[in-house]
Every structure is written in C-alpha cells, then in structure tokens.
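The residues of the chain are indexed from 1 along the displayed sequence.
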Amino acid sequence: MNLSCSLWQDNSMSVKRFAFARFSEVTEQCFLLFTLILLMFLASLTGNALIALAIWTNPVLHTPMYFFLANLSLLEIGYTCSVVPKMLQSLVSEARGISREGCATQMFFFALFGISECCLLAAMAFDRYMAICSPLHYATRMSRGLCVHLAMVSWGVGCMAGLGQTNYIFSLDFCGPCEINHFFCDLHPILALACGDTSHNEAAVFVVAILCISSPFLLIIASYGRILTAVLILPSPEGRRKALSTCSSHLLVVTLFYGSASVTYLRPKASHSQGMDKFLSLFYTVVTSMLNPIIYSLRNKEVKAALQRTLGKKNF
C-alpha cells in the first residue's frame, strides 16, 4: 500500500500521522490471525489477572517469590494491552492510522513494561539465590521493604528508559513514507521512517538494549551460577531436586522472554529481517505473555492451590 503523506504533514513537512502496514491482502488470513491473536490475548489477560488476584487474596502466598510473581503478572497485562488492541483493530479495519503522539505513547508504555520486566526477572533470580544459598537469613534479608524497593526500582528503570528512548526517537523529523512496516510502534521500524542520518539514534537504542537487557541477564546468570554451585554440594538427591524445582518455572520464563528479546534488539542492523522481526515481536508480545501463567500454574502446587481457592473449585 503506497500511502500519501500530503494530508498528514504540517508546514514543516514532518509526518504527523502514521499507518500500520497490512498483515495480508487476503481477508481470510487477516480474520484467522485476528481470531488467534484475540484468543491468546484473552487467555493472557485472564491467566495473569487470576494469578495476581490469587496471590493478593491468599495470605499463604504473601512471600517475596510470589510478590514478584504478582508484579510480573501486572507487567504482562500492561505489556500486551499496550500493543495488542491496536494490532487487532488493524487486522479487521481500514482504520490503521495512528497519530505521532499516539505512536510515541504506545512506544513509551511498551518500553516501560518490557524493560521493567527485564529488571524484575533479575530481582526474581536474586530472590531464588537468597532462598537457596542463604536459607537461614532469607526471611530477614528478603524483607518486605527490600522486595518493594526492588520492584519500584524495576518499574522506575523501565519508566526512565522508556521515556528517554521515546523522547530521543520522536525528536527526529519523519518525512515519509508514513507506513510502519510492523504490528506496532517499535523502535527499529519507526527509526526506518526518520529523515537523515539515524546512526546516533540506532547506537542509543543498542546501548539501552545492552544496559537494560544484557545487564539484568548477566545478573540472572550469576545468580543461577551460585545456585547451581550450592545445589551440587547438597548431600540429598531429594534436596537437589526440590531446590531446582523452585527455579524451573522462572528459568523457563527467562528463556522465552530473553531469547526472543535478545534476538530482536541485540542483532546487528544488517541481519534484521522484516518477516523475522514481526514473528519475534508477535511471540514475545502475545505468546510469551500467554504462556507465563500456564508455566507458573502447572509447575507450582502453591499457585495451583491458590487458584483453586480463588475460583472456588475443587478441581483445577
């Protein structure tokens, strides 16, 4: 679709409105994709909301590990809600346009929730490290105040990084074309529409990705390195199994989230493929958010029991 920018520019010739590219010219394919994404979106919202509600309403789960899990569920809800509704609208409607301000707002909230999740996953790894490597001091060191502080730092880092990135990118002029070849206002597709040299902006995006994706990931690796060392010296096979089982859900979530995010934002520009970028974006914005509640509910007996009590059912 070749969009004309003449009606979407002001006197400075800077684009004031964008439009998302079509998923497909075939109506049936768009409807099928709309149905699949809608079902995954509803499953993600329901699952994450239930887990957060179960944790807040069951005093037995008022522990550091579940406090962080409730925050993770809230981040997942915000993460998907910042992107998916507009994506669904673009699939079944000709109203695929978005204002420059709306695009900036979407980018800010997407970065806020995504970067906050990176930091929170590192805090969750630190919590597991303290629980397994310092069990006698765990209750005193992982106090409620420290947990709240770690969660606030995670949200704060996400807010500052998102605000900085969004302001830096949207300080550029956009001369056209107006069509965003993506599902939402992500960093690289928006930079591709900017006028002039964007190498400094691309370098800034890469540096933020290194700091906000790689740094928390290295903390996670360091925490699990210490955990593995502590587990291997346990004399009881049952003790080793139990210790590792408390980390399995978190490790699986980290692998899914960091795997797709790292491939998307830490690859060299020359290796970017529009088709692959769209697939990865769809994976970490919809699929991963849907899988997280399933992973934690299926692999954690306490969460399953809490969900039973919350739903008022005997069988879950």
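In this structure, the side chains of C118 and Y258 come closer than 4.5 Å at one or more pairs of heavy atoms. Between L45 and I77 there is a side-chain heavy-atom pair separated by less than 4.5 Å. The side-chain heavy atoms of D127 and F68, taken from C-beta on, include a pair separated by under 4.5 Å. The shortest distance between side-chain heavy atoms of F20 and M87 does not fall below 4.5 Å. Side-chain contact between N48 and L74 is absent, with no heavy atoms from C-beta onward closer than 4.5 Å.
Atom OG in S134 sits 4.5 Å away from atom CE in M130 (nearest 0.5 Å). If you take OH on Y79 and CZ on F109, they are separated by 15.0 Å, rounding to the nearest 0.5 Å. To the nearest 0.5 Å, atom CD1 of residue I169 and atom CG of residue L187 are 4.5 Å apart. Between the CD1 atom in I55 and the OG1 atom in T63 there is a gap of 8.0 Å [rounded to 0.5 Å]. One finds the CZ atom of F126 at 9.5 Å from the SG atom of C147 (value rounded to the nearest 0.5 Å). Residue L150 holds its CG atom at 6.0 Å from CE of M142, rounded to the nearest 0.5 Å.
In this structure, the side chain of Q106 does not engage the main chain of F184 through any donor-acceptor pair within 3.5 Å. At least one donor-acceptor pair under 3.5 Å links the side chain of S116 to the backbone N or O of S154.
Less than 2.5 angstrom separates the SG atom of C185 from that of C103.
Between the side chains of T198 and E202, at least one donor N or O sits under 3.5 Å from an acceptor N or O.
In plain terms, the two heavy atoms of I51 and P293 that are nearest each other are CD1-CA, 3.4 Å.
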